[in-house]
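As a basis for the values below, the full set of heavy atoms in this structure was taken, side chains included, without hydrogen atoms, waters or symmetry mates.
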Amino acid sequence: MRAALLQMTSSDMPEENLATASAMLREAKAQGAEFAFLPEVMNCLSTSRSHQEGVLKLEAEDATLAGLQTLCAELGIWLLIGSLGLKTNDADGRFANRSFVISAAGDIVARYDKIHMFDVDVTPEETYRESDGYRPGEQAVVAETPFGKLGLSICYDVRFGRLHRALAQAGADILAVPAAFSHVTGAAHWETLLRARAIETGCFVIAPAQTGKHPASKGQSRQTHGHSMVVAPWGEVLADAGTEPGVTLVDLDLTLVQKARRQVPSLQHDRDFSGP
C-alpha cells in the first residue's frame, strides 16, 4: 500500500481548507498514492465557539465532506478524513469531532467520533477544554479496506493504550492517529506515544498532523507540532514529515504486521488480575 500523509496548516475557514486538501489529494494521487490521510479538524481549526457556530454544518450539509467524497470518486483513491468539526442535534449544542473513511468510489465506509476529550492545562498560558465544545464518542471502530483493517482514533486518544489494544485485538492491521497536537506536548511525547502504540499492538501507525501557526479570523491563533509520522509494527519510524505543510509518501508492507506479532505475540497473552 502506498500511503500519503497530507500535512496541513488549517485555518478557521472551511472553504479554504477544502481547497488546500483537494490540491494535496490530487498531488498524492499523481505520485501513486492508493490511500491518503488527512489530519484532525482539517475543515476548521478554531478556538472561537461563536465562529464555529457560524461556519460548521451538520454532516448531511457539510461541503467539505461532500467535496472530498466527490474527489475520491474522481481520482479513485481511498481517504481518511482525520476529522471534521460538525454540528450535531444534541440539546447542549456541542459539536462532533468525527473521522471518516472514504472509499475510492466516494462512499463513506466508516465514521468515528473522538472518545477522549483534551481537557488539560499544558502551561498556565496554554489550556484546553475540548469537552466544552465537543461531545465525546462512545464507540470504537475498525474499518474494512482493501489494504487491511484500519483502527480509528484521534489525537488525544493516542494516550490511551487500552483503546488501541482493543482495536488491534478486533483485527486492526493499521492504526490511524490524525492529530492537531500541541507544540509543547508534541515535542515531548508525540513520537514516543506513536512508537509505543505500534510496538504494543504490532500495527502500522499512520499519524497525519496539523502543523505550524494557524490563521484565525476570530479567537486566538493556535500552534501545532506537525511531524506527521508512519511507524512500522516493530517500532521503526518510516516517515516524519517535519514541520512544513505538504504531501509525504510511504510504501507499507502489510506482511510486517503478522511478522511482528509472531515474534512477540503479546496480543494473545492478556490475563485477568485483581487489584490494586
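Under the 4.0 Å criterion applied to side-chain N and carboxylate O atoms, Arg98 and Asp113 are assigned as salt-bridge partners. We find that Glu200 and Arg162 are not joined by a salt bridge, their nearest charged nitrogen and carboxylate oxygen being 4.0 Å or further apart. Using a 4.0 Å cut-off between charged nitrogen and carboxylate oxygen, Arg165 and Asp270 count as a salt-bridge pair. Look at Glu34 and Lys29 and you find no salt bridge, because none of the NZ, NE, NH1 or NH2 atoms lies under 4.0 Å from a carboxylate O. Between Asp251 and Arg2, at least one side-chain nitrogen of the basic residue sits less than 4.0 Å from a carboxylate oxygen of the acidic one, meeting the salt-bridge criterion. The pair Glu236-Arg195 fails the salt-bridge criterion, with no side-chain N (NZ, NE, NH1 or NH2) lying under 4.0 Å from an Asp/Glu carboxylate O. At a threshold of 4.0 Å, the pair Arg222-Asp12 does not count as salt-bridged, since none of the basic side-chain nitrogens sits closer than that to a carboxylate oxygen.
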Next item on the list: For the pair His214 and Ser10, evaluate side-chain hydrogen bond (donor to acceptor under 3.5 Å, both in side chains) and give the outcome as yes or no after the intermediate values.
Entry: CA-CA 6 Å; His214 298 266; Ser10 290; 5.5 Å; no

Next item on the list: In sequence, state the C-alpha distance, the side-chain angles, and the governing distance for Ser131 and Asp119, and then conclude on side-chain hydrogen bond (donor to acceptor under 3.5 Å, both in side chains).
Entry: CA-CA 7 Å; Ser131 63; Asp119 293 349; 2.6 Å; yes

Notebook entry, point to check: Would Ile154 and Tyr112 satisfy side chain to side chain contact (heavy atoms under 4.5 Å, CB included), going step by step from the backbone distance to the final call?
Noted result: CA-CA 9 Å; Ile154 300 173; Tyr112 165 71; 3.8 Å; yes

Next item on the list: Would you please test Asn97 and Glu40 for side-chain hydrogen bond (donor to acceptor under 3.5 Å, both in side chains) and show each step?
Entry: CA-CA 8 Å; Asn97 190 344; Glu40 182 184 19; 2.9 Å; yes

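Between Trp190 and His225, the ring planes are perpendicular. Angles over 60° get that label, and only those under 30° would be called parallel. Between Tyr156 and Phe160, the angle of the ring planes goes over 60°, which puts this pair in the perpendicular group of the 30/60° scheme.
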